There are 2 protein chains.
Amino acid sequence: MSKKIKIKDIAEELKISVTTVSFVINGKAKEKNISQAVTKKILDLVQEWGYQPNSLAKSLRTGKSKIIGFLVDDISEPFFSRIARLIDEKASEHGYKILFSSTRNNTEKAKELLQIFRDRHVDGYVIALPEGLESEIEKLIKTEAPVVLFDRYVQGMETDYVLTDNSKIVFEATQHLIDNGYKNIGFVTIETEQQQMLDRLSGYEQAVGSNKQTSLIKKIKYKNSDNMIKEMIDFFKTEEQLDAVIFAANYICMDGLRTFKEMNIKPFDDLAVISFDDFELLEFYSPPITAIAQPINDIAENIMKTLLSRLNNESDKSQKKQIVLPATLNIRSSSLRKT
Amino acid sequence: MSKKIKIKDIAEELKISVTTVSFVINGKAKEKNISQAVTKKILDLVQEWGYQPNSLAKSLRTGKSKIIGFLVDDISEPFFSRIARLIDEKASEHGYKILFSSTRNNTEKAKELLQIFRDRHVDGYVIALPEGLESEIEKLIKTEAPVVLFDRYVQGMETDYVLTDNSKIVFEATQHLIDNGYKNIGFVTIETEQQQMLDRLSGYEQAVGSNKQTSLIKKIKYKNSDNMIKEMIDFFKTEEQLDAVIFAANYICMDGLRTFKEMNIKPFDDLAVISFDDFELLEFYSPPITAIAQPINDIAENIMKTLLSRLNNESDKSQKKQIVLPATLNIRSSSLRKT
DNA sequence: CTGAAAGCGCTTACAG
DNA sequence: CTGAAAGCGCTTACAG
């Protein structure tokens, strides 16, 4: 293996100073008035030897690590892993890499991770805010490092974030059911303070309310699948009049479908169904299930646009960017009008 | 925000040398015969001030970054993102973090990424080998940094790896179909040199061969979904005698299901089906589809066990660890015997 | 038992 | 136009 080449080696070989080499490598040849001849000589040798600056030393000196910390509940959730991929692509284009970790709904762990990220001098953060971490994040935001939140937010928190317009699209989804003649629409969500979940709920409530229908809400304490299913069976048994149901998130819908299996409920025939979050399964289910699709590409793009402009100091720091993106309702058979 | 504390600050406050502070912080108090009193004084102040060593400086000095590079085709593929989560968990327990990137089937990009990882001095690598990167990886392996491959491998390559026993489980799956009376079993795979795909194919061929059945293999050049579907339609139309089919991977099965939709083929009724890789959709499909499940937990565990033992120099470097784990056949309705 | 000092590989203010 | 040197914050061989 070729021994690691240092800037000093280049300088010595060419009998010039490391300063000059450093300037040229960092593209400051023009600015620093380095002669064409010297510049070329350096670049050629760099090429020939395949010199790569030691990024650790660079980071230590400049205080920039070119690393972005990505913090979510669980990287294996499709929504998060897709965002991860897209963000990584964009980041790579700009010389950044992503350090990720999953908090697994554990506040203590999340705090630790934040500490580790800080300790490793990540240049910026992309975070789906876990519950209970609000004050830590507030502290973090006061730091120099830019922070972009997504998916979750806290009302009144002054920071950059990128969200889906949860309340609006759930309003539309509910209205779609109402328009198709459904009169007893249930809404299954979890017991939580997470603002995005509350927004989804409020979209439902507004639609139901403005149509003078009764709201039928089931809030389940999220522990595990078994518990979710038990609670849902209970809900579906109690509320016999139900003719439609909206599941407020991916994992809730999954457990909803498990419940259907258990209770032998057939979407559309027995109950109209809409899922928040679209995933492949819904398309292939029989009948195919109507779903709200979050604009994953747009979300990732806006996260990175915001973050990069912060990292490059292109935007006014005191002016926070708060972006709310529209979602789409993918209408399939499960929510059609009964004829 | 509190100014970042350095080791020097601690030393000055306590009127001792940084050497002593460094020894204590790194748990070498005993070894270096630092007095109890001094040790306690230091530890208390570290606690009080919340001192965290600058990991960049530490890395530069020691040459260890405590970062593991994770390289896969696409982090958003469920198989990979699940492995990512599990690996991150284990790594975190040992003070390591994961830097990830997706190669997106782009050899050039993969090479770049490897270079970046090297440049960032990652301590170890976990890689699902992309095609065309064999020689790069060989080079990497000769380096000091430990490399653990998973999912993919190259025959004859001397390295640590963790694999699923592809050929055996596909043999079993094929045999299962044969035992259930199927006589014209097709196998849909992609045109590739990837060893794990060839192993799956060979499992099929052995089973079919040893039962004196004819092999019906469709190798599709992987470009995109549309192309896959087109080719599959072609295959299913040509091979009319087909009474069962095995899809050699997750994404092939997805396109297979799309093809079924297009052609109005119903699994089991029209064609017995088995998928390599189990995912939620298959369980909910009607009828539920039999699938080969890779032992994700075991894979992740073995990757990290191997990697950590290398990182700690606990195992003989010349002795490579090659682990092959058994998979499971989850039998569902799509492959049952026709009565 | 403890400390002064070199060095990891860079960048950059300063000097000429 | 170019260079000598300080310094980022650590660790550790060496000295006492």
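Sequence lines set the chain letters: A, B, ... in the order given, protein chains first and strands last, and positions in each chain run from 1. Only heavy atoms go into these numbers, but all of them, side chains included; no hydrogens, no water, no symmetry mates. All values derive from a computational prediction rather than experimental measurement.
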Rounded C1' spacing from D:dT2 to C:dT11 in Å: 16 Å

Check A:K139 with A:E136, please: is the shortest side-chain N to carboxylate O separation under 4.0 Å? yes

What is the separation between atom CZ on B:R120 and atom P on C:dC10, rounded to the nearest whole Å? 14 Å

Does a nitrogen or oxygen in the side chain of A:Y51 sit under 4.0 Å from OP1 or OP2 of C:dC10? yes

Decide yes or no on side-chain contact (heavy atoms from CB on, under 4.5 Å) for B:F150 and B:N302, but give the supporting numbers first. CA-CA 10 Å; B:F150 75 106; B:N302 278 286; over 6 Å; no

Say whether, by atom type as modelled, one donor and one acceptor occur between the side chain of B:S55 and the main chain of A:D119 under 3.5 angstrom. yes

Nearest atoms (heavy-atom pairs only) where A:R152 meets A:P130: NH1-CA, 4.2 Å

Students often get this wrong, so: under 4.0 angstrom with heavy atoms, is A:K64 touching a base, only sugar-phosphate, or nothing? nothing

B:D9 CG to D:dG9 P: how many Å, rounded? 9 Å

Out of C:dT2, C:dT11, C:dT12, whichever nucleotide has its closest atom nearest the side chain of B:S35: C:dT2

Nucleotide by nucleotide, nucleotides 3-8 of chain C touches protein heavy atoms under 4.0 Å in the pattern (B base, S sugar-phosphate only, - none) BBBBBB

Between B:R104 and B:D74, does any NZ, NE, NH1 or NH2 come within less than 4.0 Å of an OD or OE carboxylate oxygen? yes

Between A:I42 (CD1) and D:dC1 (P), how many Å, whole number? 14 Å

D:dA13 pairs with, by Watson-Crick or G-U criteria that keep both distances under 3.5 Å: none

Atom NZ of B:K41 and atom C1' of C:dT2 are separated, to the nearest Å, by 12 Å

Between the side chain of A:D88 and the main-chain N/O of B:S102, is any donor-acceptor distance below 3.5 Å? yes

Grab the CD-C1' distance between B:Q36 and C:dT2 for me, whole Å please. 16 Å

Atom-to-atom span, CD1 of A:I7 to P of C:dG9 - whole angstrom: 12 Å

Just name whichever nucleotide pairs with C:dA4, Watson-Crick or G-U, keeping both distances under 3.5 Å, else none. none

Taking CG from B:L56 and P from D:dT11, how many angstroms apart are they, rounded to a whole number? 13 Å

Contact under 4.0 Å: A:K28 side-chain N or O vs C:dT11 OP1/OP2: no

Under a 4.0 Å threshold between the charged nitrogen and the carboxylate oxygen, would A:R85 count as salt-bridged to A:E89? yes

Does A:N33 have a side-chain nitrogen or oxygen under 4.0 Å from the phosphate oxygens OP1 or OP2 of D:dT2? no

Whole-Å distance separating the CD1 atom of A:I10 from the C1' atom of C:dC10: 13 Å

